[in-house]
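Step one of this worksheet: look at the structure below.
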Number of protein chains: 2
Amino acid sequence: MNYVSLLKQHNLKATPQRLEILSIMHQSGHIDIDGLFSKIIQSFPSISLATLYKNLHIMLNSNIILELKLPNTKPKYELIQAPHAHLLCQKCGSCIDLSLDTDTLIKEVSQKSGYKLHESTLIFSGLCPQCQNH
Amino acid sequence: MNYVSLLKQHNLKATPQRLEILSIMHQSGHIDIDGLFSKIIQSFPSISLATLYKNLHIMLNSNIILELKLPNTKPKYELIQAPHAHLLCQKCGSCIDLSLDTDTLIKEVSQKSGYKLHESTLIFSGLCPQCQNH
DNA sequence: TAAGTAAAAATAATTATTATCTAAGCTGAG
DNA sequence: CTCAGCTTAGATAATAATTATTTTTACTTA
C-alpha cells in the first residue's frame, strides 16, 4: 500500500507521522487512541495526543480511516476497506473483521424502512473460538 | 409498564429519580445524557449529572437499559426491548428503531465465523424519508 | 533565498466522566 | 416504635478525554 499517494489523493500532506499512523493501523487492524499513542511514541517520542487526535480527525473527514464505536470500550480506528462486519469477543476483548454482504442487507433494510441508506455498522458480540474452550 | 417492579426484579430500589429516567426513556425512545439531564431537571431540579451517570451505569449493569454508541454523537440510552436495528438520518440526526430478524443473522454469522454470538448492534445510516425531499 | 502554507509541538482550556464524602430515607429486628 | 444498617441522592472534587490556541518547524514554490 502506498500511503503517500493515498494521502495526496485527498490533498493531505504525507507527513512521517501520518504515514506511521496508517502503517500502525494496517498492522493492528483496529486500534484505539491509547494503543496508537503507545506505538507511535516509539518512533516519534515527541508526538502528543493532541497531534494524534488532530490527524485522526483529518483522516476521518477525508474518509481514509473510520471510527468504530464499540460497546464498553473506547473507539477504535481502522483503515477504510471493503464494508464488513465486526466480531467482538466479550471474554478476550479481541475484535476481528468479517466480510459480509452488507449491500444486500442495506438494500433490504432500505426497502423495509423507506430510508435511503448507504452505510452500516454491524457489530456482533459473543465468544471467539479460543475462548469457547474455557 | 410497571417500572417499579422492573427495578425490584433486579434488586434495585425504585427511587423517584430512576422511575423518571425510565419514563423519559420510554417517551423518547433514545436519548443521550444531555437530553436526559435537561428533561429530568424539570422534575428534579437538584439532580446532578453524577447521579444520572451513576444510575445509568447501575441500570446498564442490570440490563434494564442499553447504551447505544452511534457514529459522530454521544452515546444514547434506551430501554431494553426486543432486539432491533437502528436507523440514523445523517441530515436531521434522528434515530429510529427497526424490528429485524436479528436471530437468523446472528446464526448465519456464527456459522460463518466459528464465534458463539449472542448479541448484535446493527446501525444503518442514510437519509430518512422526510430528508430525501430536500 | 524569501514568502506563504501546513503541520507538529507545546500548552492551555474545555468537556466528559468518575470518585468521594455526607446526609437523607427506607427497612427490618428488636 | 425506634434504632442500626444499608442504599441512594446530593454536593463537590478529581480525573480523564478531547479540543483549542499559539508558537515553531518544515516544506513548497515563486
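Within every chain, numbering begins at 1; the chains are lettered A, B, ... in the order of the sequence lines, protein sequences first and strands thereafter.
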Problem set entry | Nearest-Å distance for atom pair NE2/C1', residues A:His10 and C:dA6 | 18 Å
For this session: Taking only the side-chain nitrogens and oxygens of B:Ser48, find out if one of them lies under 4.0 Å from OP1 or OP2 of D:dA9.
Result: no
Problem set entry | Exceeds 12 heavy-atom contacts within 6.0 angstrom, atom CG of A:Asp97 | yes
For this session: Give the nucleotide from the list D:dT12, D:dA9, C:dA7 with an atom nearest to the side chain of B:Gln17.
Result: D:dA9
For this session: Whole angstrom is fine here: how far is it from CG in B:Leu7 over to P in C:dC26?
Result: 16 Å
Problem set entry | Candidate nucleotides C:dT18, D:dA11, C:dA9, ranked by approach to the side chain of B:Ser46 - the nearest | D:dA11
Problem set entry | Atom-to-atom span, CD1 of B:Ile40 to P of D:dG10 - whole angstrom | 9 Å
For this session: Report the nucleotide, chosen from D:dT12, C:dA7, C:dA16, that has the shortest atom-to-atom distance to any side-chain atom of A:Leu12.
Result: C:dA7
Problem set entry | Rounded distance (Å) that lies between atom P of C:dA7 and atom CZ of A:Phe44 | 15 Å
Problem set entry | Side chains of B:Asn55 and B:Ile58 in contact at under 4.5 Å (non-hydrogen atoms) | yes
Exercise. What's the closest nucleotide to the B:Lys13 side chain, out of D:dT7, C:dA6, C:dA8?
Worked result: D:dT7
Problem set entry | A:Ser5 and A:Gln9: side chain donor to acceptor below 3.5 Å | no
For this session: Take the protein atom CD of B:Glu67 and the nucleotide atom C1' of C:dA16, then report the distance between them rounded to whole Å.
Result: 13 Å
Exercise. Should B:Leu122 and B:Leu105 count as side-chain neighbours, where that means a heavy-atom distance under 4.5 Å?
Worked result: yes
Exercise. So which nucleotide from D:dT19, C:dT18, D:dA9 ends up closest to the side chain of B:Ala50?
Worked result: C:dT18
For this session: For B:Leu36 and C:dA16, give me the distance from atom CG to atom P, rounded to whole Å.
Result: 15 Å
Exercise. Considering heavy-atom distances to DNA chain C, does A:Asn55 or B:Thr51 have its closest nucleotide positioned more toward the 5' end?
Worked result: A:Asn55
Problem set entry | Minimum side-chain heavy-atom gap A:Asp32-A:Lys76 below 4.5 Å | yes
For this session: With DNA chain D as reference, determine whether A:Lys54 or A:Leu49 sits nearer its 5' end, using the nearest nucleotide of each.
Result: A:Leu49
Exercise. Over how many whole Å does the gap from B:Lys74 atom NZ to D:dA16 atom C1' extend?
Worked result: 14 Å
For this session: Give the rounded distance in Å between these two atoms: CZ of A:Arg18 and P of D:dA26.
Result: 16 Å
